[in-house]
Amino acid sequence: MSENVEKFVNALAASLESGTFVKLTLGNYKGADEHLQKILVRLVNTKKGTRLFFLYRGDTRDTAKNFDHKTGVALIGEALETGFHSGHLFTTANDYQLDIGKKGKSRLNVAKPTFKTAPPLEHDREKVAQIDPNSSYLKLLGISDDSGRVRAREQNKWRQINKFVEVLASLVDKSELKERKELRIVDMGSGKGYLTFAAYDYFKNIREVEVQITGVDTKRELVDLCNGIAAASQFDGLNFVVGTIGDYDVGEVNILIALHACNTATDDAIYKGITAHADLIVMAPCCHQEIRPQIKPPAMFRDILKHGVMLERTAETLTDGLRSLLLERSGYSTKLFEFVSTEHTPKNNMLVGTRLKRPIDTEPFDRQITEIKNLYGIKKHHLEALLGSEIVTADGNE
């Protein structure tokens, strides 16, 4: 072990002993494992006490392991001797940056600390893939090959699948559905069903929930394909039906999902969720076409919104902002955040509504919605028209 590598490893051991350790990253891997890319290390609390949580990041999947401090420090030293050429150690005392050249020459830089305090030790802060790429449905959908490896051209879709499951799991955990042992989910506009299958797999096989999921799509060939894959995967609680968002009767539903429902179809889906008193409404809107031609820029913004790209972004902001307000007016708390980019749209926001259990004062929302519409000359918003004067309260009364 070179002098600088030894100093780096010793600094890691000292930070663990003194309680100043924050996190560690190893990168620039040139070892024998063709799939390994990075090692991310942090502390976690377990039933056996504080452990070092190692996340081995690969090109197709991640692997997580816990080690005691002594073993973890030894593994870091070994990793720096067998393929990793850079290390970054963060402590509340100093940052340490180690770089190892091709001929084994190394450089160790010590800098002021990035972090003043150590982070909390939640075990699940680093997210590990919940979905097994070796699952039969992923092979049948073309995401994985016969050996269970994610195909190179499907890496973006694989990341989207895992991100969706991660987000959906977090939303459920923060809602009244957290302890539910039975769930009814409807996915409006399910398409080829990548995310629908993953959601079923996660709730049924990871969380062991008795889940019933229905995917709704207008294309008969996709519905038949997905039903065939569901049957082959023995997913008895998953089925797909032919229908439109506007016409399909969702019935009783806990979670209503509509990802990339074009233009006002997103409004139709939100309306279905509100009127069905869904506990969670999860949307990823796209193709915001209704509001843009209606916008009459306020005088102060006239020379800004004369540019098409600015007008388009403003139309998207207003459309989804009004949707959020209308959800809140209907008894939901809302979140609007960036999801992940997909082939459908380079801008991929997710709008989530969580049903509240308390009464809502609708007057402030009505006033704000009116002010926004008047400011931009907007005459109609499809979701507002669907809701009309019908206010669905948190307790389900109208």
Side-chain angles (χ1 to χ4, degrees), residues 188-189 244-247 256-278 280-339 341-342 344-356 360-394 398:
M188 312 288 276
T244 65
I245 293 175
D247 294 336
L256 187 134
I257 299 168
L259 307 183
H260 312 116
C262 188
N263 198 21
T264 56
T266 293
D267 298 305
D268 292 328
I270 294 174
Y271 178 69
K272 291 284 185 177
I274 291 173
T275 54
H277 313 305
L280 282 175
I281 299 174
V282 183
M283 304 285 131
C286 74
C287 306
H288 303 68
Q289 299 166 358
E290 182 193 29
I291 294 297
R292 178 171 174 168
Q294 298 184 55
I295 292 178
K296 296 178 181 178
M300 70 178 74
F301 296 143
R302 187 173 295 120
D303 288 336
I304 294 176
L305 298 185
K306 68 182 180 183
H307 304 289
V309 64
M310 298 302 293
L311 181 60
E312 174 138 358
R313 290 176 182 175
T314 301
E316 292 175 1
T317 298
L318 290 173
T319 301
D320 291 338
L322 287 169
R323 285 168 173 160
S324 177
L325 288 172
L326 287 162
L327 269 165
E328 292 180 19
R329 172 182 178 262
S330 301
Y332 286 77
S333 65
T334 63
K335 293 180 180 179
L336 185 58
F337 55 94
E338 189 175 78
F339 179 38
S341 295
T342 70
H344 298 283
T345 172
K347 298 172 186 175
N348 193 354
N349 290 331
M350 181 167 278
L351 173 61
V352 175
T354 302
R355 190 159 66 96
L356 300 173
I360 295 297
D361 180 6
T362 62
E363 195 276 333
F365 296 107
D366 288 330
R367 184 173 62 250
Q368 188 175 2
I369 290 166
T370 299
E371 289 174 354
I372 292 170
K373 289 171 62 183
N374 289 341
L375 180 63
Y376 287 93
I378 298 169
K379 301 297 184 184
K380 180 184 177 183
H381 189 288
H382 188 59
L383 179 57
E384 183 184 26
L386 288 172
L387 290 168
S389 59
E390 175 187 34
I391 307 298
V392 181
T393 60
E398 297 180 3

> Would you call His381 and Gln294 a side-chain contact if the rule is heavy atoms closer than 4.5 Å?
Replying inline: no

> Looking at Met350 and Val282, what are the two nearest heavy atoms and their distance?
Replying inline: SD-CG1, 3.8 Å

> What distance do Leu327 atom CG and Phe365 atom CZ have between them, rounded to the nearest 0.5 Å?
Replying inline: 10.5 Å

> Minimum heavy-atom separation for Lys380 to Ala385, with atom names?
Replying inline: CE-CB, 4.4 Å

>> Which heavy atom of Ile281 sits nearest to which heavy atom of Gly273, and what is that distance?
In response: CD1-C, 3.6 Å

>> Within this structure, what is the CG-CD1 distance for the pair Leu325 and Ile372, rounded to the nearest 0.5 Å?
In response: 5.5 Å

>> Test side chain to side chain contact (heavy atoms under 4.5 Å, CB included) on Met283 and Val352; report intermediate values, then the result.
In response: CA-CA 6 Å; Met283 304 285 131; Val352 175; over 6 Å; no

>> What's the separation between atom OG1 in Thr319 and atom CD1 in Ile378, rounded to the nearest 0.5 Å?
In response: 7.0 Å

> Roughly how far, to the nearest 0.5 Å, is NZ of Lys272 from CE of Met188?
Replying inline: 6.0 Å

> Hey, does Tyr376 have a side-chain heavy atom less than 4.5 Å from the side chain of Pro298?
Replying inline: yes

> What pair of heavy atoms forms the shortest contact from Tyr332 to Ile274, and how long is it?
Replying inline: OH-CA, 4.0 Å

>> Between Ile360 and Glu328, does the side chain to side chain contact (heavy atoms under 4.5 Å, CB included) criterion hold? Intermediate values first, please.
In response: CA-CA 8 Å; Ile360 295 297; Glu328 292 180 19; over 6 Å; no

> Testing Leu351, Leu386, Leu326 for side-chain contact (heavy atoms from CB on, under 4.5 Å) with Ile270, which one passes?
Replying inline: Leu351

> How far does OG of Ser324 sit from CG of Leu383, to the nearest 0.5 angstrom?
Replying inline: 11.0 Å

> Looking at residues at least two apart in the chain, or sitting in another chain, which of them share a salt bridge (charged side-chain N to carboxylate O under 4.0 Å, His left out) with Arg302?
Replying inline: none

> Between Tyr271 and Leu387, does a side chain to side chain contact (heavy atoms under 4.5 Å, CB included) hold up when you go through it step by step?
Replying inline: CA-CA 7 Å; Tyr271 178 69; Leu387 290 168; 3.8 Å; yes

>> Please report the interatomic distance OG1(Thr317) to CE(Met310), rounded to the nearest 0.5 Å.
In response: 9.0 Å

>> Please find the pair of heavy atoms, one from Asp366 and one from Arg329, that lie closest to each other, and give the distance.
In response: OD1-NE, 2.6 Å

> So which heavy atom on Lys379 is nearest to which on Lys373, and how close?
Replying inline: O-NZ, 3.9 Å

>> Using the side-chain hydrogen bond (donor to acceptor under 3.5 Å, both in side chains) definition, which of the options Asp268, Asp267, Thr264, Asn263 pairs with His382?
In response: Asp268

> Taking it one step at a time, do Leu280 and Leu256 satisfy side chain to side chain contact (heavy atoms under 4.5 Å, CB included)?
Replying inline: CA-CA 6 Å; Leu280 282 175; Leu256 187 134; over 6 Å; no

> Between Arg292 and Glu316, is the closest basic N to carboxylate O distance under 4.0 Å?
Replying inline: no

